[in-house]
Each structure stands twice: as C-alpha cells, then as structure tokens.
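Each remark here refers to the structure printed beneath this line.
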Protein chains: 2
Amino acid sequence: MNETNTTRPAPYHHGDLRQEAHQQALEIVREHGDTAISLRALAKQLGVSAPALYRHFIDRESLLAELAVTGFEALRERLLAIDSSNPRQALIDIGLVYVSFAQDEPNLYRLMFGGRVLPRGVHPRLDAAGKGAFQVLEDTIARAQHVGYLKPMPLALMTAAAWSLVHGLSQLTIDGHLPVAEAEPQLAEGVLTLLLDGSRNSAQQ
Amino acid sequence: MNETNTTRPAPYHHGDLRQEAHQQALEIVREHGDTAISLRALAKQLGVSAPALYRHFIDRESLLAELAVTGFEALRERLLAIDSSNPRQALIDIGLVYVSFAQDEPNLYRLMFGGRVLPRGVHPRLDAAGKGAFQVLEDTIARAQHVGYLKPMPLALMTAAAWSLVHGLSQLTIDGHLPVAEAEPQLAEGVLTLLLDGSRNSAQQ
DNA sequence: TTCGTGATGTTATCGCTGTTAACATTGTTA
DNA sequence: TAACAATGTTAACAGCGATAACATCACGAA
C-alpha cells in the first residue's frame, strides 16, 4: 500500500504554471468570454491554489491583457499572410480576413476591443500589440496609395475609414445587430467595395 | 429631545425607489462605466437595503439593460432631430451626430454596444430600442435612395456600410485606438465623404 | 557537500459582490 | 376593519479578487 512507485506525491512546484495558466485562460475566454474568467476557478482547474497565480500575474486584469496581446498577435499574423500584389484585392482581403477573425473568435475579439476591461495606456504591451495589427492595415493602404490606386489624401484619413468600417462591421455582426441571414462574405465585400469606390483614383484604371 | 416634529422617522416605504434607482444608476454608469455599478452600493446611496432593489429589477443585468434602453432612446432622439431636406447633408449629419453621441457618452455607449454584458435576444425591450435607433439611419438612407441620390443597391448593404462605419469610428475613437490629435469632426466628415462618394449615383448631380 | 537565498507554492483571512429566504411594515381595497 | 398585495427589512450563502504570513523547493556559492 505504498504509493512510492505508482503515483508521484504531487510535486510542490507546478512546473510551468505561468504558461499553462495562460493557455487555459485563453481557452476559457474563447469559449465563454472574459467575464467567465475567475482566478479561483482557474487555479482549481490547474490543481493549484489561487494565490499561486499572483506569482505570475499582477492581477486578473493583467492576465486578461496578456490574452488580448496574443489575440492581437494572431490577428496580425492572419493579416500578414495576405497576398499584397494587387492593391485593390489586398485591401478587400484585409477587410475580409479582419471580419473573419472577429467571427471566428468573437469572445477574444470583444476582449481585445472591449475598451471597458482593458483601457488604453495601462498595459504598454497591449497597446503595442494593437498597434502592430493596425500597422498591417496602414501599410497596405500606404502601398495602394503609393502605386496610385487610391486618391491622394491623408493616410490617416483612409486608414481611419477602412479600420472603422471593418471594425464596425465585425462588432455589429458578432453582437447580432446586423441580420446575419444574408450571406456574410458578400455583405462584407460589398461594404468594402463601396468605400473603395469612393476612395480610388478615378484618373487611372 | 423628541424628534416628532423636526425630522420624520424615515418612512418605511421609499416613495419612488424604482425611478430613483434608475436615475442614480444611470449617473454612475455615465461617470464610471457599468462595471462600477454595485447593487449594494447603489442601495446604500439611496438609503435602502440591497434586497429592496430586487423588488424593482430582476437582477443587476436587467437594471443595466434598462439603462441601455434609455441610452438608445436618447440616441434615437438626437438622430430624429436632424434636418433631412438635403439627402447628402442628412446622411453626413446622421454620422456626425452618431459619433458625437458616442464621444459625449462613452460609458453609456459601451454599455449599449458592449455585447458581452447584454447579449442580444435576452432583453426584448433592449433589442427593440436598438432597432429603433437603427431605424432612423435606415429611413434616412432609404429616402436618399428614393430621391436618386444613392446608387441603386440593396438597402441592407448601404445601411450595413453606413452603420458599420460610424459605429466603428465611434468605438475606435472612444477607446483611444485612433489618434484624437487631428480634429475630430473633420475626420468623421472626411470618412463619411469617402463612403458617400463610393455610393452616390454618379449619373446625376 | 552543505548552506542560504530567492522563486514559487501553501493556508488563513479580509472585504466586497449578487442573490435568496424569511420576516416586517405599509397602502389599498372589499 | 380585515385581508391582501406591495414594498420594505435583516440574516445568510456562495463566490469573488486580493493580501499577509508561512512552507517548500531549486540552485548557486562557500
């Protein structure tokens, strides 16, 4: 009746708590949203006491901030994978990928852009990650402008317009404000086309 | 030392608790956001015990839902006040008023469109109020289409585009994602113009 | 090889939260 | 006036984030 060989006596130190907590918390957010994150419940799932988590995360909010950072990094990667040879198609694809991301990961997206849980200027890494995703959009627009596809106009204006459009469309669809009945991709593409038609350089092409 | 004449013995019934709780909670949300709403603290401020509030609100969430309803009603009123004689100007004004509302009441706006706290399909009155505000936008677009200012296209497409644009712009600015440095109204108007230029009927005017 | 120190766990506890149950008081109506 | 519904009360439960004080362990220096 000695357990010395079969089951280890459950080591005092966990091994890689920080990493596992991050992963598990990410899963919970993706499935049930950030309000479902409880440090106590999370600790229990990991077989650890609640205060142990405070060795790795300042508080609940900074854990959420880290999750949002990985969300922005995932979004950025998806955006970077887009073929940018054709400026118009690149712009449309950026929008489509952006909206798809929000629809694939609505809870994560809400955490990233909720604003209420994670205000700007509090978690520098989060601000930087958000900027990193935004940068891909801006670069694509700058390129389209450079090759003369877009009207000459302040870069900030066009990026604000494009980002607002895709962000608004994302938020409204995942929150059920827009009727999802009509096939989504067509809606997104149609909406993007409207903006591009008003922004492209009519002197060429 | 009898208090019979000077101070009333604090009546058992409050008078109009429901109304006052709503008003006070609205104030708190406007100033500090919905996360700052605590039923216990709210009750204390109103000089009443916490469970008393449950006579008037099913739970915390349905109180928040009521606040969001009044938010949507306020937004709708602002939108209805717009002069709609000139279709293009009416469309631009709708957008400007919409964004102004979000900037004037960021916390209320986040409650209305947060999505995480108040999902669709749970509070029918809230869904209806949201639809009421949206309706003003849709009607304005339908009118612009009817007089031939806008291209012929599905109404749902143009409304989705317009709403997405103003909603996204609102959310991004109040959350600090867009640099507020550049004068706001110009940014909003410029962004709206891009969309309208892509949507207007180039055959006329 | 031992020893001490910092990293990383633990339990106990505080004060807060939403919510319900059981009871008290009041306004109103038959 | 008696009964009843509306609207308050106190007591209590379970859960939360967070901190303090203490325990265990890994690891580098003597």
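On a predicted model such as this, the values are computed, not experimentally measured, just so you know. We name chains A, B, ... by the order of the sequence lines, and we start the count at 1 in each one. Computation of the quantities below employed the complete heavy-atom set of this structure, encompassing side-chain atoms and omitting hydrogens, waters and symmetry-equivalent molecules.
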Polar side-chain atom of B:K151 near backbone of A:L194 as donor-acceptor pair, under 3.5 Å | no
Among C:dG9, D:dG8, D:dT19, the one nearest any side-chain atom of A:Y54 is D:dT19
### Message
Does A:I37 reach a base, just sugar-phosphate, or nothing at all? Heavy atoms under 4.0 Å.
### Response
sugar-phosphate
note: B:L39, atom CG; D:dG15, atom P; distance rounded to Å ~ 19 Å
Atom CZ of B:R18 and atom C1' of D:dA6 are separated, to the nearest Å, by 14 Å
Of D:dT19, D:dG8, C:dT19, the nucleotide closest to the side chain of B:V48 is D:dG8
Review item, side-chain donor-acceptor pairs of residues 66-76 of chain B, under 3.5 Å, at least two apart:
from: B:E66; atom 1: OE1; to: B:R18; atom 2: NH2; distance (Å): 3.3
from: B:E66; atom 1: OE1; to: B:H22; atom 2: ND1; distance (Å): 3.4
from: B:E66; atom 1: OE2; to: B:R18; atom 2: NH2; distance (Å): 2.2
from: B:T70; atom 1: OG1; to: B:L67; atom 2: O; distance (Å): 2.7
from: B:R76; atom 1: NH1; to: B:G132; atom 2: O; distance (Å): 2.8

Contact check, residues 59-66 of chain B vs DNA chain C, heavy-atom distance under 4.0 Å, returns B:D59, B:R60
Between CZ of A:F57 and P of D:dG17 the distance, given in whole Å, is 14 Å
Rounded to whole Å, CD of B:Q19 lies from P of D:dA6 at a distance of 20 Å
Would you list the protein and nucleotides 13-16 of chain C atom pairs, both N or O, that sit under 3.5 Å from each other?
none

Output yes when at least one side-chain N/O atom of A:H56 is less than 4.0 Å from OP1 or OP2 of C:dG9, else no. yes
Validation row, ring centre A:H167 to ring centre A:F113 under 6.0 Å:
yes
